[in-house]
Structures are given as C-alpha cells and as structure tokens.
There are 2 protein chains.
Amino acid sequence: MDYVYIKDVSKYVGKEVTIKGWLYNKRSSGKIYFLLLRDGTGIIQSVAAKGEIPDEDYELCDKITQESSMIVTGVIREDSRSPGGYELSLQHIEVVQISEPYPITPKKHGISFLMDNRHLWLRSKKQNAILRIRAEVINAVRDFFNKEGFILVDTPILTPCSVEGTTTLFETDYFGRKAYLTQSGQLYNEATCMALGKVYCFGPAFRAEKSKTRRHIIEFWQVEPEIAYAELKDVMDCAEKLIVYIVARVLEKRKDDLFAIERDIQPLENVTSPFPRITYTEAVKILHQKDEHFEWGGDFGAPQETIISESFDRPVHITHFPARIKPFYMKRPPEDEKLALGVDVLAPEGYGEIVGGGQREDNLEILEKRLKEDNLPKKDFEWYLDLRRYGSVPHGGFGLGIERTITWLCGIQHIRESIPFPRLLDRIYP
Amino acid sequence: MDYVYIKDVSKYVGKEVTIKGWLYNKRSSGKIYFLLLRDGTGIIQSVAAKGEIPDEDYELCDKITQESSMIVTGVIREDSRSPGGYELSLQHIEVVQISEPYPITPKKHGISFLMDNRHLWLRSKKQNAILRIRAEVINAVRDFFNKEGFILVDTPILTPCSVEGTTTLFETDYFGRKAYLTQSGQLYNEATCMALGKVYCFGPAFRAEKSKTRRHIIEFWQVEPEIAYAELKDVMDCAEKLIVYIVARVLEKRKDDLFAIERDIQPLENVTSPFPRITYTEAVKILHQKDEHFEWGGDFGAPQETIISESFDRPVHITHFPARIKPFYMKRPPEDEKLALGVDVLAPEGYGEIVGGGQREDNLEILEKRLKEDNLPKKDFEWYLDLRRYGSVPHGGFGLGIERTITWLCGIQHIRESIPFPRLLDRIYP
C-alpha cells in the first residue's frame with residue numbers, strides 16, 4: 001500500500017506513512033505549523049517543525065491555503081491532546097494544487113449561499129458526518145431485509161399512469177405517450193411478492209408538491225417491503241423491527257459522527273421494542289387532551305404529528321384511520337367499513353411520520369368497487385386486479401422515508417441536509 | 001413461527017409444518033395427487049393420498065387450479081426422487097382462493113404476451129431465478145464497495161442541465177423550469193469524492209434512445225464509484241476486482257438458480273484476475289485480423305464488441321480511445337492529445353460492454369478549453385469547475401451497468417428479462 005487513510009492511522013503508530021488529502025485548517029505557533037489535514041475518512045493534526053523538515057517544505061506551510069490538495073509523509077504519534085488521538089510528525093510535504101481562496105470559511109454563512117455551494121459544503125465536518133450516517137442507514141436497511149429473507153426487486157421509476165391523481169406527479173414524454181415519475185413502488189411490489197413471497201424495493205421517488213416546509217423534499221428515497229400472507233399486525237411488527245435495527249446500527253457504527261454533529265443520543269438509545277400502538281381515534285383524543293382543535297376524520301398535518309410524537313419517548317404506531325383519507329387499495333376491517341387497516345409510524349422528538357403502510361385489499365369485487373368510487377380508470381389497473389384473480393392472498397407492506405429517518409436520527413432541523421443534493425421547490429442546482 | 005418457507009424445509013425433516021403458497025402444477029396417479037407448491041422461496045412436491053387426508057381436502061385437489069393460493073400442513077420427508085430432495089406428505093389443505101384460469105400455462109407463449117403479463121410471468125421458475133440472481137448481483141456490488149471503504153452517496157435523478165446533449169434525455173417541467181432525468185451520477189460523484197475520498201452512487205438512470213436492440217433498455221440501474229487521488233490504472237484495478245467479486249458471489253450463492261435457467265457455468269468460473277488489457281488500437285487490429293472492416297477513430301458498435309469480446313475467455317479492458325469519441329471531461333495523456341484515458345470492459349461470450357469509465361481531467365484551464373470546444377455553456381458547469389479550483393486532485397471512476405451484467409451472468413439473449421419491469425422503446429406497461 002502506497003498511502004494510508006486517516007481512519008486507519010491507529011494501526012501505524014510509530015511508523016512512517018503517506019497521506020493524500022486536503023488542508024482543512026492551519027495555525028502556527030513560533031516555529032511550528034499545525035496543519036489539519038482531511039482525506040474524507042477523517043481529520044488529523046500534522047505538525048511541521050522548522051528544522052525537522054526540509055526548509056522548502058516548511059515554507060510551503062505558509063503558502064498553502066484552505067482546501068489545497070497535498071500529499072504528506074510523516075510518522076504517526078499517539079497524542080491524547082490531539083483531536084482524534086493521533087498526530088502526524090511531518091517529514092515531507094508535496095502540494096498537488098494550491099486552492100484558490102475557498103468560499104466556505106469557518107465564519108457563518110447563510111443557507112442560500114451554502115446550498116449554492118453544496119458541492120463544496122459537503123466537505124465540511126458536519127455534512128461529512130451526516131453523509132456517513134446516511135450511508136449507514138441505507139446499508140442497515142438493506143442488511144435488515146436481506147437477513148430477514150426479503151428479495152430486492154426494483155420497481156420502475158417511469159410509470160404509465162397515476163395512482164393518486166396527477167397533480168403531484170412529474171410528467172414526461174415517453175416516445176409519444178405520457179409517463180410519470182413514480183411516487184411509490186407498492187403496486188409493483190404487490191405483484192412481485194406473489195412471485196417471491198417477501199420483497200422490497202429501494203429507490204428514488206418524486207413528489208411535485210408545492211410545499212416548502214422543513215419536512216418536504218421533491219426527490220426522496222424510500223424502502224418499501226411487501227409481504228405475501230401478511231396482515232396489518234405483521235406489517236407493524238416488521239416496521240418496528242426495522243426501525244429498532246436501524247437505530248441500533250447507527251448507534252453502534254456511527255457514534256463518532258453523531259458526536260460530530262452534537263446529536264444527543266439518549267433519545268435514540270430509548271428506541272427499543274415494544275413501541276406504543278394506538279388507533280387514530282386514540283391519537284385524536286391525545287390532541288384534544290393537549291387542547292389542539294381537531295375533528296375526527298381529518299388527516300394529521302405536521303402540527304398534529306408533532307404533538308402526538310412528543311407524547312411518547314419512542315416511535316409510535318397509529319392504526320385504523322378513517323377510510324376516506326386513505327387510498328383505494330387499503331383494506332377495511334369487515335366489522336367497520338369506515339376504517340382502513342393502515343399504519344403510520346411517527347418518530348419521536350416531534351419529528352413525525354417516517355413510515356406509512358398497511359394491509360392491502362385482496363378481494364377482487366371490493367377493489368373494483370373502490371376504483372369506481374374513486375373514478376379511477378379500470379383499464380389502467382387490469383394488471384393490478386389480476387393479482388386478485390390469480391391466487392389472491394392477504395398481504396401488506398409499508399414505505400419508510402430515508403430522508404425523514406436521517407433527519408430524525410441526526411436531530412437536524414431541515415430535511416435538506418439529509419441528502420447530498422436536495423431537490424426543493426426552489427432548488428435544482430447544483 | 002407459524003409457518004415455514006420452502007427454502008428452509010431441510011431443517012424440518014420428519015416434522016409437521018405449515019406452508020403458505022400457490023399451486024404451481026399438479027398431476028394425479030391412481031388415488032394420489034402430486035401438488036407442486038411454490039411459495040416464492042422454492043418449489044416442493046406435496047403428496048395427498050386418499051384416505052390419509054380428510055376426504056373433503058382430497059376433493060379440493062381436484063378443484064384447485066394453477067396459481068390457486070393455499071395453506072397446507074403436512075410432514076416433511078427426505079426423498080431423493082423428488083425435485084429439491086424433499087417432499088411434503090399432506091395432512092390438511094386450506095384453499096385461500098381458487099384462481100381463475102391462469103393465462104400462463106406450461107405451453108409456449110409469445111414474448112409480447114409474456115411481456116403484457118410480466119406481473120404474472122415473474123412467478124415462473126426461470127424469471128424467479130433471474131430475479132434472485134439480480135438481487136444477489138446488487139447485494140454483491142454494495143458489499144464490495146462497503147468492504148473496500150467506499151461511502152454510498154446518492155446522486156440526484158432530476159438534474160438541471162444536460163451533459164452530453166438533450167437528444168437522449170427525458171425532460172420534465174420542474175416548477176416552471178426544465179429538468180432532465182439523469183444518465184449518470186458521475187459529475188456529482190466527482191464532487192463527493194473530494195469530500196469523502198472514495199464514493200459510489202447506485203441508482204436508476206435513463207436514456208431516451210430510439211434503439212431497439214437486445215442490449216438497450218430505457219431505464220436501467222448502474223453503480224458508479226469515484227476515487228480521489230486515482231489514475232486510470234487504479235480505476236481499471238477497481239473495476240476488475242468488482243467483476244471478479246460479483247461473479248464469485250453469484251457462483252457461490254446462486255448456483256441453484258443458474259442451474260434452473262440452464263446457464264453453463266464453466267465460462268463464469270473462468271472469470272478470475274488478471275483480465276487482459278488492450279488498447280483501442282490493439283482492439284482495432286483484432287477486428288482487422290477477423291476481417292471486420294473498421295476504421296481507426298470510430299466507436300465500437302455491438303458487432304465489433306461481440307468480435308472483440310469473443311476473442312478472450314474472460315472480460316477484457318480496452319483503453320486509450322480516440323479522444324474525439326469520448327466526452328469532454330475525460331483526461332488525455334500529455335504525450336498524445338488525440339487519445340483519452342478511458343476504459344471500457346467488455347464481458348466475454350459476445351456480451352460486450354458492461355463497464356465504461358476513466359480518469360477525469362483535473363486541470364481547470366484544459367477543462368474550460370474542452371467545454372468551449374464542445375460548445376457547452378460554461379455557467380452550467382461552474383460548480384463542476386470549482387472542483388478544479390479548490391484542491392484539484394487526479395481522480396477517476398467508472399459505471400457498471402447492472403442489467404447488462406445480469407444478462408451476461410444469466411446467459412440470456414435479451415436484456416428485457418434482467419429487470420422486473422423493463423422499460424423499452426415500445427413498452428411501459430405494466
């Protein structure tokens with residue numbers, strides 16, 4: 001190996017190593033330069049003492065600017081005073097490129113400026129940590145479903161028709177006909193779970209919603225499992241197990257990053273089974289107890305979700321919603337046709353919905369009736385109805401929003417920092 | 001656990017189990033029914049002998065049709081004559097739904113009919129096996145990059161501008177401005193690798209190409225790694241290591257599925273390092289030796305790729321292409337400006353290109369010159385040019401096409417079977 005990554009320096013104490021990175025920050029004191037070097041895997045303090053490195057290298061320390069790229073050689077020393085616990089005694093510095101004056105300095109910048117420079121902002125410590133947590137969340141999700149015997153089955157992004165109206169859909173011309181960007185792979189998952197038993201899809205989805213809140217994002221990623229021979233309770237158990245798994249994994253593997261972003265981890269350590277399980281009607285009672293004006297039958301908005309979620313010390317399941325606020329494919333309990341066998345899971349600390357799902361209607365006649373009630377064109381759903389013609393079984397699933405989950409886990413205020421290049425109502429650059 | 005999956009029956013020999021599935025096929029002989037039951041994880045032969053199960057259950061055997069959903073209870077027996085090696089002695093049958101006459105019968109169907117019924121066709125043995133191999137390939141790719149220290153960084157699907165012209169781009173209205181569906185996350189990867197060292201993105205990409213060949217698909221998935229402080233050779237080494245890893249993993253974990261689709265695995269067992277590495281100029285010589293008319297300077301099409309790929313017993317790297325057939329961002333060797341430091345990897349057995357990549361131009365002035373030469377609007381690339389202003393380093397990466405890789409590994413004729421719901425020039429249903 002011709003160079004080492006900073007995350008691995010603990011294996012090289014007392015040894016000479018080469019590191020390839022960028023200057024994160026520097027200061028000098030007398031005849032010593034302290035260079036904070038980053039390489040994407042970590043940050044290490046490097047010390048250049050006059051007389052201990054060649055004079056021309058020492059002079060470089062004066063010239064190099066923030067974010068200059070450089071290859072350095074030196075000896076790794078354990079040093080408890082150093083950030084990270086290790087230090088590099090420099091022997092040689094090779095500058096790859098002297099950076100032009102870097103626009104993002106340690107001073108505070110406005111959010112619009114930082115978003116315009118998102119391609120550079122990602123190099124900062126906090127954004128770096130969030131990206132690593134994001135990668136961990138996604139890997140945890142995949143490992144969970146693979147371990148549980150689910151088969152990954154990608155569902156299409158370009159779809160021929162709109163399930164829930166076209167107002168929030170992005171439309172494109174598909175060789176002379178209209179196509180839409182997917183909002184959910186669920187209907188396709190229902191087909192593939194009949195082929196493979198337990199499946200999940202995991203990809204980007206799109207909502208052309210004119211909302212500008214800290215919870216909304218136009219392009220987002222979601223994982224959607226679907227289980228054949230499953231009822232509402234199985235769906236809830238699966239969602240709960242998944243959330244517990246993700247949180248434990250991030251706590252196990254990304255504690256350093258959580259500390260870097262100053263996340264209080266105590267509320268996360270609380271996220272263990274069982275989660276409270278309440279009905280929509282019970283949730284409405286909570287709202288009334290907290291003096292929130294809300295009428296039974298309506299959909300919870302962000303303010304209501306915040307109140308409910310703050311009433312529990314861990315995620316909470318809400319089930320049995322009014323059927324008319326839920327989509328046509330949701331199964332209704334035979335004993336009460338006004339309700340739908342859906343479940344939302346709200347994250348605690350006021351973060352709100354991260355999971356939505358439920359049991360699907362598996363009866364052909366009922367589903368045909370619902371399509372008619374919702375004025376949906378039956379011909380577009382013939383293939384979907386086929387799943388009820390040929391070996392229909394009880395089944396269900398859910399979607400977990402990745403960015404909302406990351407926003408909660410990181411304890412950040414706005415969803416825009418949870419994805420590398422956020423797409424917002426007023427932003428599609430860079 | 002209240003029921004078991006067929007893939008796990010070997011753990012239950014001699015025990016009573018419940019299986020939830022669908023009737024794949026049936027036959028009767030005297031007073032015995034042989035029911036082939038599938039549950040998405042496998043197929044098991046279940047035996048219902050008159051007198052050994054309740055009469056009403058025995059009569060059900062006559063009534064149940066292909067793909068009827070059913071829950072059965074019985075005892076698992078080891079039986080070498082049975083497909084899969086195990087058999088279920090039935091004790092009880094509960095029919096969930098009697099299927100309507102199933103459109104896909106064991107007789108041969110035309111491809112257009114099968115594609116119209118893709119949502120059902122996926123239940124067949126061969127398609128089931130391909131989907132499982134697909135999931136394995138994708139998991140192998142992710143495990144490989146995670147293990148190698150790459151950080152997953154999702155790049156956006158909706159992008160504000162077109163890198164290589166708009167003719168093959170899907171366009172959509174993004175709140176009053178134009179946006180395009182991504183063809184590659186590379187430019188964004190170049191930004192994030194400067195932040196994190198080694199990154200990869202893995203998601204869907206789109207090419208609105210009016211091609212109707214067995215290698216083209218409109219919506220496809222690709223993985224794209226990008227490495228800071230890397231040169232062409234590092235990129236090639238990484239691609240080779242990845243391909244070797246994927247093939248070994250599929251051979252290790254999905255041999256049953258490869259057998260199910262009758263894939264000759266000998267050519268796959270050959271896929272070990274080192275791969276041959278030739279230049280474009282050497283590849284042209286091969287074409288000439290095989291009497292293929294081809295002029296130096298042109299791009300290889302499917303016929304040329306087939307000839308070159310059939311000349312080797314494993315994947316082959318091709319490097320040093322004519323610069324004018326490669327995009328503006330590809331670095332050119334200082335000693336010969338007519339060449340580009342790109343690499344394509346062709347899969348053997350005539351399958352052709354599965355990897356395309358190379359080293360990126362890291363010099364600001366040269367990149368500005370190339371943009372001008374290609375008449376690309378500089379303002380759209382300001383953020384990309386920033387990566388050369390602030391700590392530029394040599395870097396490179398590649399893209400591996402998932403569907404092309406699966407098509408090759410499965411040894412299938414047409415790419416349309418490598419993805420659950422293919423989007424083709426004339427197909428966006430179901």
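Convention: sequence-line order gives letters A, B, ...; per-chain numbering from 1.
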Quick check on [X] against chain B: is it the side chain, the backbone, both or neither that has a heavy atom closer than 4.5 Å?
X	answer
A:Leu120	side chain
A:Glu136	neither
A:Ser68	backbone
A:Asn139	side chain
A:Glu100	both
A:Trp221	side chain
A:Pro422	neither
A:Leu23	neither
A:Arg423	both
A:Pro160	both
A:Arg142	side chain
A:Leu181	side chain
A:Tyr200	side chain
A:Asp116	neither

Where [X] and [Y] come nearest, the two heavy atoms and their spacing:
X	Y	answer
A:Gly391	B:Ser69	C-OG, 3.5 Å
A:Ala135	B:Ile151	CB-CG2, 3.8 Å
A:Met194	B:Arg123	CB-NH2, 3.5 Å
A:Glu219	B:Pro156	OE2-CA, 3.2 Å

Problem set entry | Crowding at NZ, B:Lys147 (>12 non-hydrogen neighbours, <6.0 Å) |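 Yes, NZ of B:Lys147 has more than 12 neighbouring heavy atoms, counting only those of other groups under 6.0 Å.
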
Problem set entry | Whether over 12 other heavy atoms sit under 6.0 Å from A:Lys212 NZ |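 No, because the 6.0 Å sphere around NZ of A:Lys212 holds 12 heavy atoms or fewer from other groups.
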
For this session: I would like to know whether A:Thr192 and B:Phe421 meet side-chain contact (heavy atoms from CB on, under 4.5 Å); could you show each step before the answer?
Result: CA-CA 10 Å; A:Thr192 59; B:Phe421 297 95; 3.8 Å; yes

If you tally heavy-atom pairs under 4.5 Å against chain A, which of [options] wins?
options	value
B:Gly149, B:Ala179, B:Pro101	B:Pro101
B:Ala208, B:Ser124, B:Gly176	B:Ala208
B:Val95, B:Thr41, B:Leu364, B:Asp386	B:Asp386
B:Tyr174, B:Tyr102, B:Trp121, B:Phe206	B:Tyr174
B:Asp426, B:Asp143, B:Thr155, B:Ile71	B:Ile71
B:Ile419, B:Leu424, B:Thr65	B:Leu424

Based on non-hydrogen pairs under 4.5 Å, which of [options] is most in contact with chain B?
options	value
A:Pro430, A:Gly203, A:Gly197	A:Pro430
A:Ala191, A:Ser392, A:Pro420, A:Pro103	A:Ser392
A:Leu158, A:Leu152, A:Leu387, A:Leu425	A:Leu158
A:Ile218, A:Asp154, A:Asp173	A:Asp154

Can you tell me if [X] uses its side chain to pair, donor with acceptor, with the backbone of [Y] under 3.5 Å?
X	Y	result
B:Asn128	A:Ala195	yes
B:Gln97	A:Val393	no
A:Thr172	B:Thr172	no

Problem set entry | Criterion side-chain contact (heavy atoms from CB on, under 4.5 Å) on A:Val96 and B:Asp362, from CA distance to verdict | CA-CA 11 Å; A:Val96 179; B:Asp362 50 60; over 6 Å; no

Is there a side-chain contact between [X] and [Y] (heavy atoms, below 4.5 Å)?
X	Y	value
A:Ile428	B:Thr159	no
B:Tyr429	A:Glu382	yes
A:Leu196	B:Arg132	yes

Exercise. Atom CH2 of B:Trp383 and atom NE2 of A:His119: how far apart are they, to the nearest 0.5 Å?
Worked result: 7.5 Å

Exercise. Between CD1 of B:Ile104 and OH of A:Tyr390, what distance do you get to the nearest 0.5 Å?
Worked result: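 One gets 9.5 Å once the value is rounded to the nearest 0.5 Å.
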
For this session: Could you label the plane-to-plane angle of the B:Phe170 and A:Phe175 rings as parallel, tilted or perpendicular, counting under 30° as parallel and over 60° as perpendicular?
Result: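 The arrangement is perpendicular - the two ring planes meet at more than 60°.
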
For this session: For the residue pair A:Tyr229 and B:Trp22, categorise the inter-ring angle as parallel (less than 30°), tilted (30 to 60°) or perpendicular (more than 60°).
Result: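 Because their plane-to-plane angle lies in the 30° to 60° range, the rings of A:Tyr229 and B:Trp22 count as tilted.
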
For this session: Check the pair B:Val153, A:Arg134 against side-chain contact (heavy atoms from CB on, under 4.5 Å), reporting the backbone distance first and the verdict last.
Result: CA-CA 8 Å; B:Val153 187; A:Arg134 178 185 170 94; over 6 Å; no

Exercise. Going through the distances and angles, do A:Tyr5 and B:Lys198 end up as a side-chain contact (heavy atoms from CB on, under 4.5 Å)?
Worked result: CA-CA 11 Å; A:Tyr5 283 107; B:Lys198 296 198 284 190; 3.4 Å; yes

Exercise. Which region of B:Arg118, side chain (C-beta onward) or backbone (N, CA, C, O), has a non-hydrogen atom less than 4.5 Å from a non-hydrogen atom of chain A, or is it both or neither?
Worked result: neither

